[in-house]
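Structure record follows, encoded as structure tokens.
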Amino acid sequence: MSDLFASDLQPGQPLAARLRPERLDGYIGQTHLLGDGKPLRRALEHDQLYSMIFWGPPGVGKTTLARLMAQYTKAHFATLSAVSSGVKDIRIAAEQAQQRLHQGTRTLLFVDEVHRFNKAQQDAFLPWIEEGVFIFVGATTENPSFELNNALLSRARVHVLKALSDQELITVIDRALAEDVQLQGLAIEVPGDIRESIARAADGDARRVLNLLEICVDMSSARDGGDGVIDQSVLEEVLSESTRRLDRGGDLFYDQISALHKSVRGSAPDAALYWFCRMLDGGADPLYIARRVVRMASEEIGNADPRALSLSLSAWDVQERLGSPEGELAVAQAILYLASAPKSNAVYSAYNKAREHVRTTAGHDVPSHLRNAPTALMASLGHGDGYRYAHDEPHAYAAGERYLPEPLEGARYYMPVDRGLEKRISEKLAWLAELDRASSRQRG
């Protein structure tokens, strides 16, 4: 085995563990951080490590990079997992790091899934970081600005680690086949198109690409009369139960629903359909997507095409009644309709303006002529006096009638756009406003 990869392996370790690189030269990906002249590379070359947060999806090399950093700078690598550690473990790790520091050895403390620590646990790191007892490196799949304390964030630099490209994942496969002794001993052949398919299925995750490769190799080796070649039938069998990466409560989930919503807003039906299928492929709940589509209908189309809301509600109903996979076709129909429909956020904007106005101003009484008068007492108090029944007026419109409280007369919330049905609504409202002005001139 090449000294690029781990040499202290135990029997039975998975391929991903056997292929963990021992030198930076063997690390694949994150060239925006580790390429020549890039910030983290310069820090390593000048032995100027600092506390940092690695933020990125699973399988992009957060733990491996932390190990390599410790090795590169001759620091002791220590690790804590937020899943199984508490404040006591943090204190013990700090005390051990302090002892090493007195002996002339720095400690790089790697904290996996740091977002799972609560506020008090995160605060426990602060004094040790400030005193330089250890170099703090946290790893998280969640947005640090939402999950980590400001105090901790202010003491650590955030580095975003990206999902590996398909080409980088193919390089991982190539190296595994060229360097791993166990794979070489099986003499398994992996054609180029199969390597590409495995890379695509791994969806940016290096650990996953190696796991898929290992399963393919195991299945191919176990087949009677096999010729040592991983073919399409083996790959399809391996992938039949697999899904792409989607953390249903994490950033990737919300990034994808955001991409779907913005594709609808941007009138990009093909992109909207792609993100819908990506979410389904990753295991997202179709009913959740259906509910969000109803929201999109009101927020992005509104009265420019009121049919969008009806169609979206119908798609939600179909999804609930028929379930998968039949229901998803109705949701896809609604998504394509919304993305292709004329756009208006006038309803959304009007609603928000009215809510804000109500929230920030005093409550005004209902004008007397608009009040209900179901009893003689109310009628004697003048409730309803002077009210004009619109259906008895020309054009079924009581020109000049006042419906807002007097201090709010003339307030405008709804501003229809000049697209779709709202163009006609705008013309109608402009005509009614002219009738109001004519009535005012006659009274004057």
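No experiment lies behind these values; they were computed from the predicted model shown.
In terms of the side-chain hydrogen bond (donor to acceptor under 3.5 Å, both in side chains) criterion, residue partners of K262 (sequence neighbours excluded) are, by chain and number, S258.
Between E299 and R295, at least one side-chain N (NZ, or NE/NH1/NH2) sits under 4.0 Å from a carboxylate O, which counts as a salt bridge. The pair E214-R18 meets the salt-bridge criterion, since a charged nitrogen lies less than 4.0 angstrom from a carboxylate oxygen. Residues R42 and E45 are not paired through a salt bridge, judged by the lack of any N-O separation under 4.0 Å between the basic side chain and the carboxylate. The pair R291-D285 fails the salt-bridge criterion, with no side-chain N (NZ, NE, NH1 or NH2) lying under 4.0 Å from an Asp/Glu carboxylate O.
Residues T64 and R67 have side chains that never bring a donor and an acceptor to within less than 3.5 angstrom of each other.
The environment of OH in Y351 is sparse: at most 12 heavy-atom neighbours from other residues, nucleotides or ligands sit within 6.0 Å. Enclosure of atom CD in E130 by more than 12 non-hydrogen atoms of other residues, nucleotides or ligands within 6.0 angstrom is indicated.
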Would M69 and M52 satisfy side-chain contact (heavy atoms from CB on, under 4.5 Å), going step by step from the backbone distance to the final call? CA-CA 12 Å; M69 287 166 49; M52 64 190 79; 3.5 Å; yes
Test side-chain contact (heavy atoms from CB on, under 4.5 Å) applied to L109 and W128, step by step: CA-CA 11 Å; L109 179 62; W128 309 105; over 6 Å; no
Applying side-chain contact (heavy atoms from CB on, under 4.5 Å), run through L239 and L212 and close with a yes or a no. CA-CA 8 Å; L239 298 181; L212 288 173; 3.9 Å; yes
Evaluation steps, side-chain contact (heavy atoms from CB on, under 4.5 Å), between L44 and T73: CA-CA 7 Å; L44 288 171; T73 57; 4.0 Å; yes
List the steps and the verdict of salt bridge (charged side-chain N to carboxylate O under 4.0 Å, His left out) for D174 and R195. CA-CA 8 Å; D174 292 343; R195 299 185 193 204; 2.4 Å; yes
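Residue E328 comes nearest to P286 through the heavy atom pair OE2-CG, 3.6 Å, listed as atom of the first residue, atom of the second, then distance.
Here L338 contributes atom CG and H261 contributes atom NE2; the two are 9.0 Å apart, rounded to the nearest 0.5 Å. Going from atom CD1 of I301 over to atom CG of L421 covers 13.5 Å, rounded to the nearest 0.5 Å.
Relative ring orientation between Y413 and H357 is described as perpendicular, the plane-to-plane angle rising above 60° on a 0-90° scale split at 30° and 60°.
At distances below 3.5 Å, not a single donor-acceptor pair connects side-chain atoms of K62 with backbone N or O atoms of G138. Proximity of a side-chain donor or acceptor of R419 to a complementary backbone N or O of K343 within less than 3.5 Å is detected. The backbone N or O of H159 lies less than 3.5 Å from no partner atom in the side chain of W55, so there is not a single donor-acceptor pair. With hydrogens and angles ignored, the 3.5 Å screen pairs no side-chain donor or acceptor of E236 with any backbone N or O of S233.
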